[in-house]
4 protein chains.
Amino acid sequence: MKTEKPKYKQIIDAAVITIAEKGYHQCQVSKIAKQAGVADGTIYLYFKNKEDILISVFREKLRQFVDSLDGVIKEKKTASEKLLLLIENHFRILSEDSQLAVLTQLELRQTNKELRRQINEVLKGYLLLIDQIIEEGIKGEEFDRNLDRRLMRQMIFGTIDETVTTWVMNEQKYDLIKLAPKVHDLLINGCGNRSKT
Amino acid sequence: MKTEKPKYKQIIDAAVITIAEKGYHQCQVSKIAKQAGVADGTIYLYFKNKEDILISVFREKLRQFVDSLDGVIKEKKTASEKLLLLIENHFRILSEDSQLAVLTQLELRQTNKELRRQINEVLKGYLLLIDQIIEEGIKGEEFDRNLDRRLMRQMIFGTIDETVTTWVMNEQKYDLIKLAPKVHDLLINGCGNRSKT
Amino acid sequence: MKTEKPKYKQIIDAAVITIAEKGYHQCQVSKIAKQAGVADGTIYLYFKNKEDILISVFREKLRQFVDSLDGVIKEKKTASEKLLLLIENHFRILSEDSQLAVLTQLELRQTNKELRRQINEVLKGYLLLIDQIIEEGIKGEEFDRNLDRRLMRQMIFGTIDETVTTWVMNEQKYDLIKLAPKVHDLLINGCGNRSKT
Amino acid sequence: MKTEKPKYKQIIDAAVITIAEKGYHQCQVSKIAKQAGVADGTIYLYFKNKEDILISVFREKLRQFVDSLDGVIKEKKTASEKLLLLIENHFRILSEDSQLAVLTQLELRQTNKELRRQINEVLKGYLLLIDQIIEEGIKGEEFDRNLDRRLMRQMIFGTIDETVTTWVMNEQKYDLIKLAPKVHDLLINGCGNRSKT
DNA sequence: TATGAATGAGAATTCATTCAT
DNA sequence: GATGAATGAATTCTCATTCAT
């Protein structure tokens, strides 16, 4: 009894499960409540509204995500190594939680502009990590100083994201983690022929 | 009596405008009908249901998109040049039709898994174009033969898509088209420092 | 070409088939038109509206019904024999046209009060036949003169109708015509024990 | 604060009134809700859908009907007396509730085959009562043992039902209850001339 | 805190009917 | 007479949210 998970976390966990199962729009608040083992009304003691559940779920998960990356990346490494670690971790976390993968790649997108804006706000924490790596890469002369930093970040994030989405749309049939080094290589060196003089 | 636009096209055009304005979920079929200047019921002579309107809009627009690219790309050029043309055209078309940009980057994603699958089906026409360029690039030794073709495509598409989405989320404040050469350079050469021996 | 069925009859026939198949409310005017091989609009050259089709179908069929009975009953017979003939014919006609049976016993009832009134109006032609038989029966001292004529008619029609409805609801699984003599016997002699002194 | 009628009953009562007034197809769920003094959505906490309201109304009313008859008939009486009681009660209940009469004789029939089947299922409770009386009548040698029991039941129910329907179609202008003994006599003795040797 | 019964706004779709050709 | 494309009115049911207990 005493050690019962606080209701907030119960609801977050229930939401991840329920949304991944039924999709955001098909997932009724009452289903989340049932899954969490609380009354419908209780949800509203912890969340402002349904959207707030979704954004909170995402915030919560991304925090764990960033925290775990943060630690890993802090270790002394080159920017390129850090980038590889980031990609690997990104792929690993979603590989290990297929419901979370569905949620981030599919369900989270099925939301209106305002909610997307909030999601992007939360996402900034992650993008900042990428920015740090880029900054380090440039300072350490690993990355090209003449490139547009924002575009670099968009390439890195866009490529990672597209890779995961494709994998989710393909029912997560193949090993995502194995792709990390190749994706990393592509991001660092591009598609161009390196052997060409 | 002028040759009135066929109703089908009228409705497609009205849908782009109305959906971009109000968002897919906020946009009632009756609003589309009004914008198109037809009765509500008429919509259902041309489309199976509301989802069918959305998917048809996308199919129609993507067809124009691919057709226009197709012509441009057919001209004798290197794969790298073709890639640049593809990026430029992608950016230009969405720059010139801001409503279409909102539709493809935001509204089209707010749909359920089944509809997403249909959209991806339509999208394949475009991805095939990218695949062709990649194939040519490898054959012409412009692109590295050892790279995973699917990942290359995902990087190219993911980067372009993310770049456009960011631009749309930023209210289309800056010049997207100008970014094309830089994006192209990034895709070909990656983030890595090229001056490094 | 010349001997093509007049459209009116074509539509009536199509209506019987289509209504029996799909039910009155599920049967769209356009389906009747298709079945009849005419355009939707053509229906409205021959009928005022959808209800008018139904009532016309019923009127047409009942006319044939009454006509055929009329001839049969005119032959010199006792009232009791005529009643048996009426029952037999009623059962036979509906046995031979299962679609018509569904129409009269189920579909025709699924209509609003006003339409029911019109149907009853048409039905009067049939009820008059019963009344004639009752009148003859009383005059010929076959039927009890002290009984309420209207109630007799309601018993006769109610019993026949309920018998047919039960048979239709039972998917027309048994031989309806065979029941005619027993129904006739019941109507003439009632349920009471006749051997009782 | 009085013990407010449970919502279920409130809605049932409201449905009888509203359907009798406007007819089943003209009667919107929102009208029933209004009449019942509840919100539209509340209806769906107690009923699956609109059809379910109708079938529930009928089930509820028939239960009262059968219960009241059951008590009356249990008293020691001959089968013939019981039949008379059944007819009288049937007529009385519908006489006393003219809205219920309209509902059972007109509105309840305006429904599709599936719903009719459900209604018949409910009706079986009543038909079983008739069957019991018939059985007793035969055992007690009041009714003729050679007659088909199902046909007897159909005659009894068909005659009662037709009598009530005619009365309803005639705007309930005359005294239905008074007809009970005559209907009873007809059912027991038939139309035939009893004085005939 | 927690409950869960009650609320009520909101929208896609059908199909009988019309009328310009 | 015949067509059939176009019309547009009309209604059930869902589900996020509230609030009395």
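To find a chain, count down the sequence lines: A is the first, B the second, and so on, and within it residues start at 1. The structure presented is a predicted model; accordingly, all values stated were derived computationally and were not measured.
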Heavy atoms from C-beta onward define the side chain here; which of [options] lies closest to that of [X]?
X	options	result
A:Y46	E:dT1, E:dA5, F:dG1	E:dT1
C:Y44	E:dG8, E:dT18, F:dG8	E:dT18
C:A39	E:dT17, E:dA12, F:dT3	F:dT3
D:T42	E:dT7, E:dT3, F:dC13	E:dT7

Q. Got a sec: does the NZ of D:K31 have more than 12 other heavy atoms crowding it under 6.0 Å?
A.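 No, the 6.0 Å shell around NZ holds no more than 12 heavy atoms from other groups.
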
Take the protein atom [atom1] of [X] and the nucleotide atom [atom2] of [N], then report the distance between them rounded to whole Å.
X	N	atom1	atom2	result
C:N49	E:dT18	CG	C1'	13 Å
A:K22	F:dT14	NZ	P	12 Å
B:L45	F:dG8	CG	P	13 Å
C:D40	E:dC15	CG	P	12 Å
D:Q10	E:dA5	CD	C1'	13 Å
C:Y8	F:dA2	OH	P	15 Å
A:I32	F:dC15	CD1	P	13 Å
C:H25	E:dA16	NE2	P	10 Å

Q: Map D:S30 and C:I43 onto DNA chain F by nearest heavy atom, then report which one ends up closer to the 5' terminus.
A: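 Per heavy-atom nearest nucleotide, the more 5' residue is C:I43.
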
Q. Pick the nucleotide of DNA chain E nearest each of D:V38 and C:V29; which residue has the one closer to the 5' end?
A.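 On the 5' side of the pair lies D:V38.
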
Q) Relative to the 5' end of DNA chain E, which residue comes earlier, B:Q28 or A:G37, by the nucleotide with the nearest heavy atom? A)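 Taking each residue's closest nucleotide, the earlier one in sequence belongs to A:G37.
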
**Q.** Any-strand Watson-Crick or G-U partner of F:dT21, both distances under 3.5 Å
**A.**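 Paired with E:dA2.
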
**Q.** Carboxylate-amine/guanidinium proximity below 4.0 Å for B:R117 and B:E51
**A.**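 No salt bridge links B:R117 with B:E51.
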
Q: Considering only NZ, NE, NH1 and NH2 on the basic side and carboxylate oxygens on the acidic side, decide whether A:D13 and A:K9 come within less than 4.0 Å.
A: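 Salt bridge: yes.
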
(Q) Can you confirm whether B:V29 sits close enough to B:Y44 that some side-chain heavy atom of one is under 4.5 Å from a side-chain heavy atom of the other? (A)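 Yes, their side chains come closer than 4.5 Å.
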
Q.
Would you compute the distance between atom CD1 of C:I17 and atom NZ of C:K22 and round it to the nearest 0.5 angstrom?
A.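 One finds 14.0 Å between CD1 of C:I17 and NZ of C:K22.
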
